Each structure stands twice: as structure tokens, then as C-alpha cells.
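Written below as C-alpha cells is the structure these notes are about.
Each ligand, and each atom within it, is numbered from 1 in the order the structure gives. Treat the numbers as computed from the prediction; the structure is a model and nothing was measured.
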Amino acid sequence: MRFPITRPRRLRQNENFRRLIRETKLSVDDLIMPLFIVPGSRVTNPISSMPGIAQLSVDRAVEECKAIRDLGIPGVILFGIPDHKDAVGSDAYNDDGIIQRALRALKEQVPGLLLMTDVCFCEYTDHGHCGIIKGQDVDNDATLEILVKESVSHARAGADMVAPSDMMDGRIGAIREALDSEGFPHLPILAYSAKFASGFYGPFREAAESTPQFGDRRSYQMDPPNAEEALREVELDIAEGADIVMVKPALPYLDIIRRVKDKFGYPVAAYNVSGEYSMIKAAALNGWLDEQRVMMEALTGIKRAGADMILTYFAKDAAKLLR
Ligand code: PBG
């Protein structure tokens with residue numbers, strides 16, 4: 001392995017050599033597109049901090065999902081923004097709630113696309129926290145009861161997979177048990193297992209209208225410096241019945257993605273979150289970065305780290321380039 005006998009540049013000299021030895025290949029198969037659903041019809045409400053992304057009414061989401069499916073993307077994850085928010089986020093488990101209506105329409109009008117739902121309460125509560133408040137904090141066990149109701153309601157409306165993002169302890173087990181006893185033993189759970197209390201969710205909170213009205217989410221989302229704890233969270237979720245485990249955000253946590261993949265060998269999802277998207281968009285709009293190039297580099301890096309699938313607002317743009 002010594003120069004001049006070994007010259008790594010020999011296999012870099014043209015694109016065909018590079019193609020032959022390329023280790024990581026990003027594919028449209030790896031992508032999941034997040035969508036924000038709002039009440040009304042013919043609503044396309046652009047999110048200023050996320051250029052290219054908009055809140056959509058159900059009819060517009062149907063059109064968007066047809067385009068997503070026709071690009072070959074396997075699935076979408078839906079976030080609902082209800083008309084009416086209250087202390088317990090009751091629209092989240094109303095069989096006629098915003099997500100339930102979207103699921104029924106999409107199921108019927110866009111066959112062949114996986115419909116995943118974010119299971120959480122921050123978009124539905126008037127205080128913006130991810131569960132029921134007791135004192136100044138979210139009450140874990142009381143929240144489990146409504147997370148279960150929300151998941152079962154999504155399943156009844158046609159969800160193909162539920163994705164709890166609340167970070168309450170024990171929620172995967174509680175949801176698994178309820179889905180099984182309500183007739184959905186085959187419905188998989190995508191667990192937001194290692195979800196960090198991140199500043200990179202900033203633009204999402206504009207998109208989902210879910211900024212906490214007091215305090216922050218640090219008493220339930222993970223502390224960014226912790227990796228061993230992330231592995232314990234993943235281990236718990238797998239033991240409770242998670243089918244796919246998620247690391248979120250993606251780019252500042254590539255080490256966690258790699259360690260989760262190596263340690264458990266489970267399907268791993270990574271969420272390339274709103275702030276990661278907006279940073280690239282903002283720099284590109286200023287002419288400071290080549291958008292397509294850094295988008296593909298970032299997504300490929302997430303896959304190289306060990307992610308089997310990537311939830312990303314770039315899903316459509318990347319799919320167009322990958323075709
Ligand atoms: C919670 C949820 C959040 C995101 C996905 N699910 C926000 C939060 O925890 O505050 C963030 C996704 C993103 O930033 O793109 N329901």
C-alpha cells in the first residue's frame with residue numbers, strides 16, 4: 001500500500017471509473033416527502049422560511065401526492081394543522097380531523113403511495129407542547145392515552161404507517177398494543193426514537209404553527225450531546241415493537257445514525273429537518289452554494305452514514321435529478 005505502487009487517483013480519472021467504485025448510491029427508493037395539510041380547499045400557503053414548500057389543503061395535497069408518486073417516491077409523511085386547537089389537541093384523534101380527512105381522500109385518489117402520519121400533539125394543542133400539560137410540564141402517562149387514540153384514529157382513516165414523534169416514554173409499546181387489539185396488527189410503527197431538542201426545527205414550527213407558548217421541549221426531547229442515551233432510546237423502542245427507528249435531525253447527528261445502524265441492524269430512517277433544508281435554500285438563493293450539488297451531497301452523506309430512508313423536503317427535487 002505504498003506510493004508509487006499504489007496511486008488512488010488511477011480510479012478517479014474519469015466518471016466511468018468513478019461509477020464503478022462508487023460505494024453509496026442514493027436512489028429515489030430512499031426518499032419520503034413531508035407534507036403540511038391545512039383545512040379549506042384550493043389553499044397553497046407558501047412557508048416563507050422554507051422556499052418551495054407550502055401548506056396544502058386536502059385537494060391540493062391530492063394533486064401533490066400524484067406528482068410525488070409519479071416521480072417514483074415510495075411515500076409521504078403527513079402533518080396536520082387543524083382549524084381549532086385546544087389544551088388536549090382533540091382534533092388529532094377526531095375521526096373527522098384534518099389528517100383523517102386527508103388520509104381518506106389520498107387513499108382513494110392516490111393509490112400506490114405509502115401514507116405515513118406524524119403522531120404528536122404540538123400542532124394540535126393551543127399551548128404548542130407535544131402532550132397534556134400538568135403544572136409546567138408534559139404529563140407522560142396521560143399523554144400516552146391520547147397518543148394511542150390518535151394512532152388508532154389514523155389507522156382507521158387509512159394510514160399505512162404511524163410515526164410517533166412526541167418522545168414520551170413507553171409510547172411505542174402503548175401504541176403497538178392498541179393497534180393490535182383494534183385490528184391493525186400489520187400496521188408498522190416508524191419510531192422517532194432518537195429525537196434531539198434541536199434548533200434546526202425552527203422553520204417547521206412556522207410551517208406547522210407549533211411553537212411552544214411557554215418553555216421548550218428539553219424535558220422530553222433528547223439533549224444534543226448524548227449518544228449513548230440515543231442508543232438506549234432506540235433499544236427501548238425496538239423492545240416495545242418499533243419496526244423502523246429514526247434519528248432526527250440528520251446532518252449534525254450522522255454519528256448517531258452510524259452507531260444505531262451498526263449496533264441494531266434495524267431499518268433506520270433519518271429526518272433531514274426543516275432547518276437543514278432552509279440553510280441550503282437560503283445559501284443557494286444568495287448564490288453562495290450550488291443548490292443541486294450540496295443537496296445531493298448532503299443526502300448521500302446521510303445514506304453513507306447508514307440511513308435506509310431519508311425524510312426530506314428535498315425529496316421531489318432529488319427524485320427529479322435521480323431519474
Ligand atoms: C413534532 C415534530 C417536529 C418535527 C417533526 N415532528 C417539531 C418539533 O419537535 O418541534 C420537526 C421536523 C422539521 O423540523 O422538519 N410533531
> Taking atom 10 (O) of ligand 1 as the point of reference, which of E276, M246, R205, K195 owns the nearest heavy atom?
Replying inline: R205
> Which atoms from ligand 1 have a heavy atom of Y271 less than 4.0 Å away?
Replying inline: 12 (C), 15 (O)
>> Could you measure the distance from the SG atom of C120 to the CG atom of L147? Nearest 0.5 Å is fine.
In response: 7.5 Å
> Looking only at protein heavy atoms, which one is nearest to atom 12 (C) of ligand 1, and how far off is it?
Replying inline: F204 CD1, 3.3 Å
> With a 4.0 Å heavy-atom cut-off (strictly under), which part of Y277 contacts ligand 1: side chain, backbone, both or neither?
Replying inline: neither
> Looking at C122, which atoms of ligand 1 are within less than 4.0 Å of one of its heavy atoms?
Replying inline: 1 (C), 16 (N)
> Between S274 and ligand 1, which residue portion shows a heavy-atom distance shorter than 4.0 Å: side chain, backbone, both, or neither?
Replying inline: both
>> One pair to check against side chain to side chain donor-acceptor pair (under 3.5 Å): Y93 and H154. What are the steps and the verdict?
In response: CA-CA 8 Å; Y93 49 86; H154 288 182; over 6 Å; no
>> Tell me the protein heavy atom at minimum distance from atom 6 (N) of ligand 1, and give that distance in Å.
In response: K248 NZ, 3.3 Å
> Heavy atom under 4.0 Å from ligand 1: found in D118's side chain, backbone, both, or neither?
Replying inline: side chain
> Do S41 and D59 get their side chains close enough for a donor-acceptor pair, meaning under 3.5 Å?
Replying inline: no
> Is the closest basic N to carboxylate O distance between K303 and D308 below 4.0 Å?
Replying inline: no
>> Within ligand 1, which atoms have a heavy atom of R217 less than 4.0 Å away?
In response: 8 (C), 9 (O), 10 (O)
>> At less than 4.0 angstrom from any non-hydrogen atom of Q221, what atoms of ligand 1 do you find?
In response: 8 (C), 9 (O)
> Are R259 and D255 ion-paired here, with the side-chain N under 4.0 Å from a carboxylate O?
Replying inline: no
>> So if I count the atoms of ligand 1 from 1 in the order they appear, which ones are less than 4.0 Å from some heavy atom of S165?
In response: 1 (C), 2 (C), 6 (N), 16 (N)
>> Taking the basic N atoms (NZ, or NE/NH1/NH2) and the acidic carboxylate oxygens, is any pair closer than 4.0 Å for D139 and K134?
In response: yes
> Can a salt bridge be assigned to the pair E229 and R232 using a cut-off of 4.0 Å between side-chain N and carboxylate O?
Replying inline: no
> Below 4.0 Å from any atom of ligand 1, is there a heavy atom belonging to F121?
Replying inline: no
> Pick one: which of D70, L113, I73 meets side-chain contact (heavy atoms from CB on, under 4.5 Å) with C65?
Replying inline: L113
> If you count the atoms of ligand 1 from 1 in the order shown, which ones are under 4.0 Å from a heavy atom of C120?
Replying inline: 1 (C), 16 (N)
> Does ligand 1 have an atom that lies less than 4.0 angstrom from a heavy atom of M167?
Replying inline: no
> Are the charged groups of R101 and D95 less than 4.0 angstrom apart, N to O?
Replying inline: no
>> Looking only at protein heavy atoms, which one is nearest to atom 15 (O) of ligand 1, and what is the separation?
In response: Y313 OH, 2.6 Å
